[in-house]
**Q** 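For reference, the structure I am asking about is given below.
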Protein chains: 2
Amino acid sequence: MALRTAAIERLAITDDRASELADLFRLLGDATRLKIVLACMDAPTAVGAIAERLKLSLSLVSHHLRLLRAARIVRADRQGKQVFYSAADDHISGIVSAMLEHVAEPRGVDD
Amino acid sequence: MALRTAAIERLAITDDRASELADLFRLLGDATRLKIVLACMDAPTAVGAIAERLKLSLSLVSHHLRLLRAARIVRADRQGKQVFYSAADDHISGIVSAMLEHVAEPRGVDD
DNA sequence: ATAACAATTGAACAATTGTTCATATGATGG
DNA sequence: CCATCATATGAACAATTGTTCAATTGTTAT
């Protein structure tokens, strides 16, 4: 039923709404940024820890996190000097999971 | 359980797999391309019909469809001179729906 | 106040990408 | 075979975007 509702909304989607959606997808559409999302999806993680785990510069991680936070894909919680990031809600995890399933699907014979 | 499995995989995600996922998200991350996906998601639609409905050039629509088809986000079915495009599977619709819900969510007080 | 640690920000550059225009391919009917 | 319709492709340009380096802000402890 949730799918049916979405199908109806989809028919009447405005350009603004499409752009809003696209913006979110685009943020997940960079490998580095996606890995950052995945890294702080399991448990709240500090910027430095993310950078270390993924072997990325602090600056780069912070830049990406700012974009992700602005889009409410992740949320920031300051705890002393450190800022812990985590997934903003369950939609994101669900979306990533669904895409993982899509990738895992068997290829057709004609491609 | 599907979520739990995905969560486990997430911990051990490789760089290649992250890039593969990101590529898919990036394709949905352009407003024009996303509208094309939405346009042929409800029912199989010919290239010309999509272009007309969205008021885009045939060339542009075709270029985007080629990328979407290569990523198996949409599938192509030739019927005479026309080629009808439709969503490749249910994952895509589910993903778009989930993102629509994410957008529809009430904002927090502090942003 | 100062030092040290953690994270953020701004500017600049290289690389990627969306769009357009022109041309080509494939299918159908005369 | 030729003309026409429908889609696809290639090259080129403008615009966006990821990354780096340097400098800055915020927080805690001495």
Side-chain angles (χ1 to χ4, degrees), chain A residues 15 18-40 43-86 110-111, chain B residues 15 18-40 43-86 110-111:
Chain A
D15 281 25
S19 298
E20 204 179 347
L21 267 192
D23 285 346
L24 287 169
F25 282 123
R26 183 162 36 78
L27 286 172
L28 298 177
D30 174 75
T32 305
R33 204 157 45 217
L34 183 60
K35 282 190 284 186
I36 293 175
V37 173
L38 292 168
C40 67
T45 314
V47 182
I50 297 173
E52 194 179 6
R53 189 189 300 177
L54 302 180
K55 297 196 175 88
L56 300 171
S57 79
L58 229 37
S59 174
L60 180 55
V61 173
S62 187
H63 272 296
H64 283 309
L65 282 172
R66 188 166 64 89
L67 298 174
L68 292 168
R69 189 182 36 182
R72 298 182 313 116
I73 290 176
V74 301
R75 52 172 299 185
D77 293 291
R78 173 147 241 154
Q79 214 157 332
K81 298 185 206 173
Q82 293 170 315
V83 179
F84 288 83
Y85 282 87
S86 49
D110 53 342
D111 49 44
Chain B
D15 282 25
S19 298
E20 202 180 346
L21 267 193
D23 284 345
L24 287 168
F25 282 124
R26 183 162 36 77
L27 285 172
L28 298 177
D30 175 74
T32 306
R33 205 157 44 217
L34 183 61
K35 281 190 284 186
I36 292 174
V37 172
L38 292 168
C40 66
T45 314
V47 182
I50 298 174
E52 192 179 9
R53 189 191 299 179
L54 301 179
K55 297 198 176 89
L56 300 172
S57 78
L58 276 166
S59 173
L60 181 55
V61 174
S62 186
H63 272 296
H64 282 309
L65 283 172
R66 188 165 66 89
L67 298 174
L68 292 168
R69 189 182 37 181
R72 299 183 311 116
I73 290 175
V74 301
R75 52 172 299 186
D77 294 291
R78 174 145 241 156
Q79 217 157 332
K81 298 185 206 174
Q82 293 171 317
V83 179
F84 288 82
Y85 283 87
S86 49
D110 53 343
D111 50 41

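Fair warning: this is a prediction, and the values are worked out from it, not measured in the lab. Residue numbering restarts at 1 for every chain, and letters A, B, ... go by the order of the sequence lines.
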**Q** Base, sugar-phosphate or nothing for A/Phe84? Non-hydrogen atoms, less than 4.0 Å.
**A** nothing
**Q** Figure out the CD1/P separation between B/Ile50 and D/dA6, and round it to whole Å.
**A** 14 Å
**Q** If I take atom CD in residue B/Gln79 and atom P in nucleotide D/dT7, what distance separates them, rounded to the nearest angstrom?
**A** 12 Å
**Q** Within the side chain of B/Ser62, is there an N or O that forms a donor-acceptor pair under 3.5 Å with the backbone of B/Leu58?
**A** no
**Q** Counting heavy atoms from C-beta on, name the nucleotide in D/dA22, C/dA7, C/dA27 closest to the side chain of B/Arg78.
**A** C/dA27
**Q** Is there a donor and acceptor pair closer than 3.5 Å between the side chain of A/Ser59 and the base of C/dT8?
**A** no
**Q** Less than 4.0 angstrom between a side-chain N/O of B/Arg66 and OP1 or OP2 of D/dT9, yes or no?
**A** yes
**Q** What I'd like to find out is whether the side chain of B/Leu24 reaches to under 4.5 Å of the side chain of B/Ile73, using heavy atoms alone.
**A** yes
**Q** Show your reasoning for whether side chain to side chain contact (heavy atoms under 4.5 Å, CB included) applies to B/Leu67 and B/Arg33.
**A** CA-CA 9 Å; B/Leu67 298 174; B/Arg33 205 157 44 217; 3.6 Å; yes
**Q** On the side chain of A/Ser57, is there an atom forming a donor-acceptor pair with the base of D/dC21 - under 3.5 Å, no angle test?
**A** no
**Q** Does D/dA6 have its OP1 or OP2 closer than 4.0 Å to a side-chain nitrogen or oxygen of B/Tyr85?
**A** no
**Q** Do B/Cys40 and B/Ile50 have side chains that get closer than 4.5 Å, going by heavy atoms?
**A** yes
**Q** Over how many whole Å does the gap from A/His64 atom NE2 to C/dT9 atom P extend?
**A** 15 Å
**Q** Rounded to whole angstrom units, what separation is found between the CD1 atom of B/Ile36 and the C1' atom of C/dG18?
**A** 11 Å
**Q** Nearest of C/dA22, C/dA7, C/dT19 to any side-chain atom of A/Ala46?
**A** C/dA7
**Q** Would the distance check show the side chain of A/Arg78 and the main-chain N or O of A/Gly80 forming a donor-acceptor pair, the cut-off being under 3.5 Å?
**A** yes
**Q** So if I take every side-chain heavy atom of A/Leu67 and compare against C/dT9, D/dG18, C/dA7, which nucleotide ends up nearest?
**A** D/dG18
**Q** Can you tell me the distance, in whole Å, between the CZ atom of A/Arg26 and the P atom of D/dA15?
**A** 17 Å
**Q** If I take atom CG in residue B/Leu60 and atom C1' in nucleotide D/dT7, what distance separates them, rounded to the nearest angstrom?
**A** 14 Å
**Q** What do you reckon, do A/His63 and the base of D/dT19 stack, with centroid distance below 5.5 Å and planes below 30°?
**A** no
**Q** Between atom CG in A/Asp77 and atom P in D/dT27, what is the gap in whole Å?
**A** 14 Å
**Q** Could you tell me how far apart B/Leu56 (CG) and C/dT19 (C1') are, to the nearest whole angstrom?
**A** 11 Å
